[in-house]
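Everything on this sheet refers to the single structure shown next.
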Amino acid sequence: MKDIELKLPDWYDYESELCGEVHNREDEAFDDQAKSYSGLIKNTPGCSTSACNALSQQLIHQMNVMFPNILVSFEELNVNLNKAAFPYLQAPAKTALAKAIQERGRTMTVNSGYRTIAQQLLLFNWGRSCGYPIVARPGRSNHQSGLALDINDHTGWQPYLKKHSWRWFGPRDKPHFDYVSTGAQDIRQATMKAFQQLWNNNNPGQTLTVDGVWGPNTERSLNESPAYGFKIAPWDEKPRLLKLTTPMTEGSDVFKVQKALQDHGYSIVPDGYYGKGTATVVKQFQENSGINVDGVVGANTLAKLFA
Ligand SMILES: [Zn+2]
């Protein structure tokens, strides 16, 4: 095979981290109970970024409200996802990944994909006290690019990924690959603007300048943000599809759907998490309503639920 030269774009100046060590630590720290944490980012206990999953999901959705399709899910590809990994990439990176996976014809285990600015702030705040190696300040990590993946079996995957413009980082960070071809864009400002806008929607008395820049006010505000998500959520403006995902979809929209199902007489206790039990009840409702039975809450199901 002809050797392909893979280079990062000129604008690329994200910082690398010791990914292997970061997610070994994340795996050890992973805490199912973290999902019940209902305090502010700055006080988050434990060492698992899963404690801010609800806020992370709001941040990803807010980015897509402001900048449509800036991040797309690759969960439907032939992948095995680590429980803490958000399976999001920029669209051209996902397309290339899909080709590599299809060519090799086997399941790829993904340990880390997109990391939200809230997760990065937690890692940054905790740092060595939680055993994390040096981590980039929020916005600077290469896992905030939407172009990065950490996987298992890097040796086996390398030729397939390389052919489709995914560059292996090298022996210093073995699980890490970056997508380096055309169509990749710098999403750093969009990441910051999404948080600043979400904050402003919820704090009209103390707004931030939506300038896409990480500064002291933005850092303080993110630390003062609820790990369980803001009251005014981005899906109030533009609903998201509710379905079984990794990590589990959670939030006020899930709670409202569960409450509506309960009001319709279904046996369900609203908790805001879209788990298997919720999916089963949604299917029952869809069947009884004569609509497509797929366990996915989209426009048709919402229309029937809130008719
Ligand atoms: Zn990595």
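Along the sequence shown, residues carry numbers from 1.
A donor-acceptor pair shorter than 3.5 Å can be found between the side chains of His176 and His143. Neither side chain, Gln196 nor Asn200, offers a donor N or O lying under 3.5 Å from an acceptor on the other. Under 3.5 Å, the side chains of Arg220 and Asn217 contain a donor-acceptor pair of N or O atoms. Side-chain contact annotation: Asn80 with Asn152, donor-acceptor N/O pair under 3.5 Å absent.
Once rounded to the nearest 0.5 Å, the distance linking CG of Asn202 with CD1 of Ile232 reads 4.5 Å. The CZ atom of Phe177 sits 13.0 Å away from the OG atom of Ser165 when rounded to the nearest 0.5 Å. Ile151 contributes atom CD1, which lies 7.0 Å from atom CH2 of Trp157 (distance to the nearest 0.5 angstrom). Distance NZ/Lys276 to CE/Met248: 9.0 Å, rounded to 0.5 Å. Note that CD of Gln286 and CG of Asp294 are 5.0 Å apart. Values are rounded to the nearest 0.5 Å. Going from atom NE2 of His164 over to atom OG1 of Thr95 covers 11.5 Å, rounded to the nearest 0.5 Å.
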Problem set entry | Full working for side-chain contact (heavy atoms from CB on, under 4.5 Å) between Leu97 and Met108 | CA-CA 10 Å; Leu97 178 67; Met108 174 184 272; 3.8 Å; yes
For this session: Begin from the C-alpha positions of Lys174 and Trp168 and carry the test side-chain contact (heavy atoms from CB on, under 4.5 Å) through to its verdict.
Result: CA-CA 8 Å; Lys174 289 177 183 164; Trp168 182 48; 4.1 Å; yes
For this session: Any chance you could lay out the side-chain contact (heavy atoms from CB on, under 4.5 Å) test for Tyr114 and Thr191, step after step, and finish with the verdict?
Result: CA-CA 11 Å; Tyr114 181 70; Thr191 303; 3.7 Å; yes
For this session: Give the intermediate values and the outcome of side chain to side chain donor-acceptor pair (under 3.5 Å) for residues Asn82 and Asp150.
Result: CA-CA 10 Å; Asn82 180 293; Asp150 296 335; over 6 Å; no
Exercise. Should Glu26 and Ser112 be marked as a side-chain contact (heavy atoms from CB on, under 4.5 Å) after you check the CA-CA gap, both sets of side-chain angles, and the distance that decides it?
Worked result: CA-CA 10 Å; Glu26 267 274 87; Ser112 185; over 6 Å; no
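Between the Asn64 side chain and the Ile70 main chain, a donor and an acceptor come within less than 3.5 Å of each other. Between the side chain of Lys94 and the backbone N or O of Ser73, at least one donor-acceptor pair lies under 3.5 Å. A distance-only check finds no donor-acceptor pair linking the side chain of Gln197 to the backbone of Gln62 [under 3.5 Å]. Between the side chain of Gln119 and the main chain of Thr116, a donor-acceptor pair closer than 3.5 Å is present. Formation of a donor-acceptor pair under 3.5 Å by the Ser289 side chain with backbone atoms of Ile291 is not found in this model. Side-chain atoms of Glu75 come within 3.5 Å of backbone atoms of Thr246 as a donor-acceptor pair (strictly under, hydrogens ignored). At distances below 3.5 Å, at least one donor-acceptor pair connects side-chain atoms of Asp173 with backbone N or O atoms of Cys19.
Shortest non-hydrogen contact noted between Gln258 and Gly272 is OE1-N, 2.8 Å. Counting all heavy atoms, side chain and backbone alike, Gly156 lies closest to Pro159 at O-CD, 3.6 Å. Residues Leu18 and Pro133 come closest through the heavy atom pair CD1-CB, 4.0 Å. Of all heavy-atom pairs between Pro247 and Asn53, the closest is CB-ND2, 3.5 Å. Scanning both residues, Ile187 and Gly146, for their nearest heavy atoms gives CD1-N, 4.1 Å. The heavy-atom pair separating Ala98 from Leu77 by the smallest distance is CB-CD2, 3.8 Å.
Under the rule for a salt bridge (charged side-chain N to carboxylate O under 4.0 Å, His left out), the partners of Lys256 that lie at least two apart in sequence or sit in another chain are Asp236. Not counting sequence neighbours, the partners of Tyr12 by the ring-ring contact (aromatic ring centres under 6.0 Å, His included) test are Tyr14. With sequence neighbours excluded, the residues satisfying side chain to side chain contact (heavy atoms under 4.5 Å, CB included) with Thr209 are Asp211. Here Lys259 pairs with Asp263 under the salt bridge (charged side-chain N to carboxylate O under 4.0 Å, His left out) rule; sequence neighbours left out. Under the rule for a ring-ring contact (aromatic ring centres under 6.0 Å, His included), His23 has no partner lying at least two apart in sequence or in another chain.
For Asn69, the CG atom sits in a loose shell: 12 or fewer heavy atoms of surrounding residues, nucleotides or ligands are nearer than 6.0 Å. Residue-environment remark: CD (Glu237) stays at or below the threshold of 12 foreign heavy atoms within 6.0 Å. With a 6.0 Å radius and a threshold of 12 heavy atoms from other residues, nucleotides or ligands, Glu103 has its CD atom above the threshold. The environment of Glu15 atom CD is dense: over 12 non-hydrogen atoms of other residues, nucleotides or ligands sit within 6.0 angstrom.
Legend: salt bridge (Lys or Arg N to Asp or Glu O under 4.0 Å) pairs involving residues 184-205, not counting sequence neighbours, sorted by first then second residue: Asp13-Arg188, Asp186-Arg188. For residues 39-68, the ring-ring contact (aromatic ring centres under 6.0 Å, His included) pairs, not counting sequence neighbours, are His61-Trp235. For residues 106-129, the salt bridge (Lys or Arg N to Asp or Glu O under 4.0 Å) pairs, not counting sequence neighbours, are Glu17-Arg115.
At a threshold of 4.5 Å between non-hydrogen side-chain atoms, the residues Arg25 and Cys47 count as touching. With a 4.5 Å cut-off on side-chain heavy atoms, Asp153 and Thr109 do not count as touching. When side chains are defined from C-beta on, Leu149 counts as touching Phe74, because their heavy atoms get closer than 4.5 Å. When side chains are defined from C-beta on, Thr44 counts as touching Tyr37, because their heavy atoms get closer than 4.5 Å.
Cluster partners of Val254 are Leu242, Leu244, Val257, Leu261, Tyr266, Ile268, Tyr274, Val281, Val282, Phe285, Val297, Leu302, Leu305, Phe306, counting Ile, Leu, Val, Met, Phe, Trp and Tyr whose side-chain heavy atoms approach within less than 4.5 Å, directly or via other members. Membership of the apolar cluster around Trp199 extends to Val22, Ile41, Leu55, Leu59, Ile117, Leu121, Leu122, Leu123, Phe124, Trp126, Tyr132, Val135, Met192, Phe195, Leu198, Leu208, Trp214, Leu222, Phe230, as traced through chained side-chain contacts below 4.5 Å between ILVMFWY residues. The hydrophobic cluster analysis finds Tyr228 isolated: no Ile, Leu, Val, Met, Phe, Trp or Tyr side chain comes under 4.5 Å of it, directly or through other members. Through ILVMFWY side-chain contacts below 4.5 Å, Val269 is grouped with nothing and stands alone.
Hydrophobic clustering keeps Leu147 apart from Val72 (ILVMFWY residues linked when any side-chain heavy atoms are closer than 4.5 Å, directly or through intermediates).
Of the candidates Lys238, Lys243, Arg240, Asp253 forms a salt bridge (charged side-chain N to carboxylate O under 4.0 Å, His left out) with just one, namely Arg240.
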